[in-house]
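In what follows, every chain begins at residue 1, and chains take the letters A, B, ... in the order their sequences are listed. What you see is a predicted model; the values in this text were computed from it and never measured.
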2 protein chains.
Amino acid sequence: MNAPEIKIDWEKYSHLFKEMEVPAKTILLNEGDVSRYGYFIKKGCLRLWFSNKGKDMTFQFFFENEGVSSVESFRTGEPSLFSIESIEPSTVLKISKKNFESIFMENPEYREFINETIFRRLNFYSKLFMSYIKNTPEERYKELLKNNPEIIRRIPQHYIASFLGITSVSLSRIRNRV
Amino acid sequence: MNAPEIKIDWEKYSHLFKEMEVPAKTILLNEGDVSRYGYFIKKGCLRLWFSNKGKDMTFQFFFENEGVSSVESFRTGEPSLFSIESIEPSTVLKISKKNFESIFMENPEYREFINETIFRRLNFYSKLFMSYIKNTPEERYKELLKNNPEIIRRIPQHYIASFLGITSVSLSRIRNRV
DNA sequence: TTCATTTATTAACAATTGTTATCGTGGCCC
DNA sequence: GGGCCACGATAACAATTGTTAATAAATGAA
């Protein structure tokens with residue numbers, strides 16, 4: 001999560017980003033569509049989710065100062081496996097794929113920054129996976145409480161439940177006995 | 001999993017790899033140690049696992065023609081979060097970090113190959129995570145049967161059980177009712 | 001404010017999994 | 001071959017989770 005941070009002067013490219021105000025529950029990218037934009041959260045929070053047997057499955061949350069995209073779709077041009085949606089009313093900076101790529105054409109150290117980001121995300125998911133096979137839902141909830149209290153504080157419980165791989169009923173019971 | 005494959009002529013660098021014969025159940029990297037070597041499987045299979053409350057938690061399997069390392073440890077020099085161990089008697093090609101890096105110094109397109117690999121692995125873990133929150137253990141087992149029959153065929157069941165996030169007793173019951 | 005919708009809690013019952021222990025088989029090393 | 005150990009199946013019981021439904025509280029829009 002905390003690799004040697006590469007400092008990037010995004011200000012220099014602020015003209016390539018477009019600021020957007022989005023209400024709560026606004027879809028920024030639809031599951032099945034091709035991702036053509038990347039987002040940076042100035043204020044608010046977003047979630048990644050996909051539909052499974054008619055149910056919302058949320059599998060990641062993003063807050064202020066984080067970049068969000070459907071990495072694979074943005075990169076390969078294939079349909080996204082999930083949707084990107086705002087939870088709170090949010091302010092995001094939007095950048096087109098073309099402009100995004102132009103930054104890296106000009107500037108190799110920005111490319112290195114992306115590699116860093118990908119490594120960190122790989123690390124994030126592999127640790128998440130490891131925590132799933134070693135911990136019970138209750139233990140994962142306690143882990144969240146300890147390491148990501150912001151998620152508990154700002155995110156509706158039924159989203160957290162699916163992130164933990166359980167039903168909202170079960171999460172409610174867990175909270176009751178913790 | 002199947003992005004546009006970059007062709008790499010590893011033969012050219014075969015002198016930097018050292019061939020090793022390893023018996024079954026041989027540790028190639030110990031959890032907590034710093035990874036100084038990368039491995040390529042010529043024959044056999046390996047697993048990644050970590051210890052949790054005295055129990056073996058296996059979270060990935062590798063077979064012929066796959067590269068294996070503790071990515072994060074190899075990259076950052078921090079202790080590995082898991083062990084690398086052979087399951088079957090195996091033949092592996094071993095390369096030191098120094099030699100590995102020298103290939104990329106000489107050759108930028110090899111670096112691109114690594115980025116590809118990291119992207120694919122990110123994709124692998126994120127899909128795995130998604131399958132965990134959307135499927136029951138039984139569904140995940142059926143998915144394995146369908147998409148990775150080799151795992152079912154070659155890997156001892158108690159390793160598969162922990163990979164599925166359940167006990168070997170529960171896996172035995174699932175197999176009984178499928 | 002009012003009303004509809006979303007969100008969270010609780011209950012009851014079914015289904016699944018965890019835990020512990022026992023047993024049988026097969027492989028492997030001496 | 002003999003003996004040890006790894007592996008898998010099964011049983012019994014406890015604990016947890018899923019499912020469905022009803023209810024209450026909070027939120028948001030008109």
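Using a cut-off of 4.0 Å between Lys/Arg side-chain N and Asp/Glu carboxylate O, R111(A) and E112(B) are scored as not salt-bridged.
Residues T91(A) and E21(A) bring a donor and an acceptor atom of their side chains to less than 3.5 Å of each other.
A distance of 6.0 Å or more separates the ring centres of F62(A) and Y39(A). Ring centers of F17(A) and F40(A): at least 6.0 Å apart, outside the cut-off.
Here the P atom of nucleotide dT7(C) and the CD1 atom of I152(A) are 17 Å apart, to the nearest Å. Rounded to an integer number of Å, the gap from CZ of R175(B) to C1' of dC7(D) is 12 Å. Put simply, CG on L164(A) is 13 Å from P on dA8(C), counting in whole angstrom units.
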* Asked: When every nucleotide of nucleotides 13-30 of chain C is labelled 5' to 3' by its protein contacts under 4.0 Å (heavy atoms), B for base, S for sugar-phosphate only, - for none, what sequence of letters results?
  -> ---SBBBB----------

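When each of dT10(C), dT9(C), dG8(D) is scored by its nearest atom to the side-chain atoms of Q157(A), the top-ranked nucleotide is dT9(C).
For H158(B) and dA6(D), the shortest distance from a side-chain N or O to OP1 or OP2 is not below 4.0 Å. Contact annotation: N176(A) side-chain N/O to dT9(C) OP1/OP2 distance is not under 4.0 Å.
Under the 30°/60° scheme for interplanar angles, the aromatic rings of F129(B) and Y132(A) are found to stand perpendicular. Aromatic ring orientation, F104(A) versus F100(A): perpendicular (interplanar angle above 60°, classes split at 30° and 60°).
Comparing S168(B) and Y159(B) by the nucleotide of DNA chain D that holds the closest heavy atom to each, the one mapping nearer the 5' end is Y159(B).
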